[in-house]
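Right, one structure below, let's go through it.
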2 protein chains.
Amino acid sequence: MARNVEFNEAAAIQKAMEVFWKKGYNATSLRDLTDAMQINSSSLYNTIGDKQQLFLRCVQHYTDIRKQDWDKRLSSKRSALSVLVDYIHEAVNIIINGEDSCMAVKSAFEVATNDERVKQILVADDQRSYQFLHDLIKKAMDKGEICNDEDPALLADYFNSTWTGWYESYILHKDPVKIKRMAEYFIKQLTK
Amino acid sequence: MARNVEFNEAAAIQKAMEVFWKKGYNATSLRDLTDAMQINSSSLYNTIGDKQQLFLRCVQHYTDIRKQDWDKRLSSKRSALSVLVDYIHEAVNIIINGEDSCMAVKSAFEVATNDERVKQILVADDQRSYQFLHDLIKKAMDKGEICNDEDPALLADYFNSTWTGWYESYILHKDPVKIKRMAEYFIKQLTK
DNA sequence: GATATTCTGAAACAAATGTTTCAGAATTGT
DNA sequence: ACAATTCTGAAACATTTGTTTCAGAATATC
């Protein structure tokens with residue numbers, strides 16, 4: 001009976017996510033967003049909602065992408081240890097070559113304390129990240145690829161929280177070698 | 001020949017720091033600040049400057065306090081290892097009992113990427129933190145309190161970046177046991 | 001093609017933002 | 001007490017903020 005939405009919502013969310021990711025929630029204005037999304041604010045409010053709802057969608061989108069990556073890696077036929085080591089190396093590359101820090105980390109510090117719904121999305125994301133590491137560590141232990149004298153749950157927790165500090169270090173020092181050396185030590189701890 | 005400044009600048013900076021610390025830079029308005037500082041914006045602009053300059057002073061103040069703490073601990077007569085272990089335990093307590101995350105960490109992610117002067121203050125702070133850890137680790141190694149088969153510079157870098165992830169973890173999960181277990185593992189790695 | 005419905009664009013909205021103004025109060029050294 | 005100078009308070013400033021309005025363009029169904 002009526003007209004359809006003209007703009008591509010998925011593409012618009014992607015664009016908005018990029019802006020939020022780069023500038024953070026509070027430093028991003030609605031003009032910044034509508035400019036990047038190439039839609040009018042009336043369209044935004046008619047479909048997605050206000051700034052907060054848009055941000056939720058963007059954080060959700062960001063964590064969805066990560067989930068896909070973890071799922072893909074977990075379904076690999078290769079050894080758990082090599083999947084883990086590859087993942088660590090790629091995480092380092094993202095830190096070193098990425099334009100911005102992890103959006104989940106930035107959002108945790110900037111908005112999660114004040115916005116329960118953002119926090120919930122990030123908690124779910126963090127649990128998936130934890131589960132990913134835990135699965136691989138457990139599998140590698142069971143197959144004797146790594147030493148199993150440590151609780152895999154503890155190791156997963158510990159390693160899961162480690163990346164965050166590497167992002168901070170790279171913001172401050174922009175020193176790729178520093179990150180790489182920490183990653184090597186990290187892997188050495190695992191494998192020894 | 002003329003009137004003196006009426007308000008206590010140090011106390012005002014302290015108050016402003018608390019607001020910035022809690023809300024972050026962008027979410028803090030000048031009204032928030034002048035309310036907390038109990039001064040008029042004209043006085044603020046006459047003495048300290050604009051919002052950015054005030055923030056710089058606050059971050060500087062925050063890192064000054066940390067420096068004092070490190071200096072005090074370094075001058076302790078006790079063994080390097082026990083100073084280090086105590087410090088870790090107290091860091092955990094601050095994470096668990098503190099009202100907010102570390103202001104240096106929050107600021108690194110929110111503003112350091114866009115404000116070079118803030119970044120410089122945080123870099124200096126990070127270097128002091130690194131030096132503190134490095135000194136203790138080196139001393140503990142030299143006295144045979146901990147195993148010395150690892151480069152103290154690497155360990156200091158690695159441990160220095162570790163706290164940040166604990167803050168994020170605590171924001172998301174509010175789980176004191178999780179942090180404590182990671183800290184114990186951390187200490188165990190050091191001492192073994 | 002008519003019609004009913006929905007979307008879009010531009011403008012307008014009030015409120016909040018960071019900052020400035022300035023008259024008058026306050027305090028210093030003389 | 002004087003005079004010169006500086007600080008303070010309240011109000012005003014122009015922008016920018018997030019959000020809403022609404023007339024008209026667009027389209028899916030009949």
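Being a predicted model, the structure only gives us computed values, none of them experimental. Convention: sequence-line order gives letters A, B, ...; per-chain numbering from 1.
Taking the ring axis of B:Tyr130 as reference, the NZ or CZ atom of A:Lys178 stays within 45° of it and closer than 6.0 Å to the ring centre. Seen from the ring of A:Tyr167, A:Lys106 does not count as a face-on cation partner, given the 6.0 Å and 45° thresholds.
Classification of the A:Tyr87-A:Phe132 ring pair by plane angle, with boundaries at 30° and 60°, yields perpendicular.
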Could you please spell out the steps behind the salt bridge (Lys or Arg N to Asp or Glu O under 4.0 Å) verdict for B:Arg73 and B:Glu90? CA-CA 12 Å; B:Arg73 289 175 192 274; B:Glu90 214 162 300; 2.8 Å; yes
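Nearest heavy atom pair, residue B:Asp32 against residue B:Ala27, reads OD2-O, 3.9 Å. Smallest separation of non-hydrogen atoms from B:Lys139 and B:Leu74: NZ-O, 4.3 Å.
Between B:Asp64 and B:Gln68, the side chains place no donor N or O within less than 3.5 Å of an acceptor N or O (distance only, hydrogens not considered). When only modelled atom types and interatomic distance are considered, B:Ser129 and B:Asp126 share no side-chain donor-acceptor pair under 3.5 Å.
For NZ of B:Lys143, the number of neighbouring non-hydrogen atoms (other residues, nucleotides, ligands) closer than 6.0 Å is 12 at most.
The stretch residues 42-52 of chain B touches DNA chain C through B:Ser42, B:Tyr45, B:Asp50, B:Lys51, each having a heavy atom under 4.0 angstrom from the strand. Taken residue by residue, residues 9-26 of chain A places no heavy atom nearer than 4.0 Å to DNA chain D.
Here B:Glu184 pairs with B:His89, B:Ile187 under the side-chain contact (heavy atoms from CB on, under 4.5 Å) rule; sequence neighbours left out. Annotation: side chain to side chain donor-acceptor pair (under 3.5 Å) contacts of B:Gln14 (sequence neighbours excluded): B:Glu18, B:His61.
Remark: P of D:dG18 and CE of A:Met37 are 13 Å apart, rounded to the nearest angstrom. As rounded to whole Å, 15 Å separates atom C1' of D:dA26 from atom CZ of A:Phe7.
Looking only at side-chain heavy atoms (C-beta outward), A:Gln52 and A:Arg117 come within less than 4.5 Å of each other.
Residue A:Thr28 is classed as a sugar-phosphate contact, given heavy-atom separations below 4.0 Å to backbone atoms only.
Helical stems involving DNA chain C, defined as 3 or more consecutive Watson-Crick or G-U pairs under 3.5 Å, span C:1-12 with D:19-30, C:14-17 with D:14-17, C:19-30 with D:1-12.
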Detail all sub-3.5 Å separations between protein N/O atoms and N/O atoms belonging to nucleotides 11-13 of chain D.
none

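Following chains of ILVMFWY side-chain contacts shorter than 4.5 Å, one can reach B:Ile94 starting from B:Ile96, so the two form part of one hydrophobic cluster.
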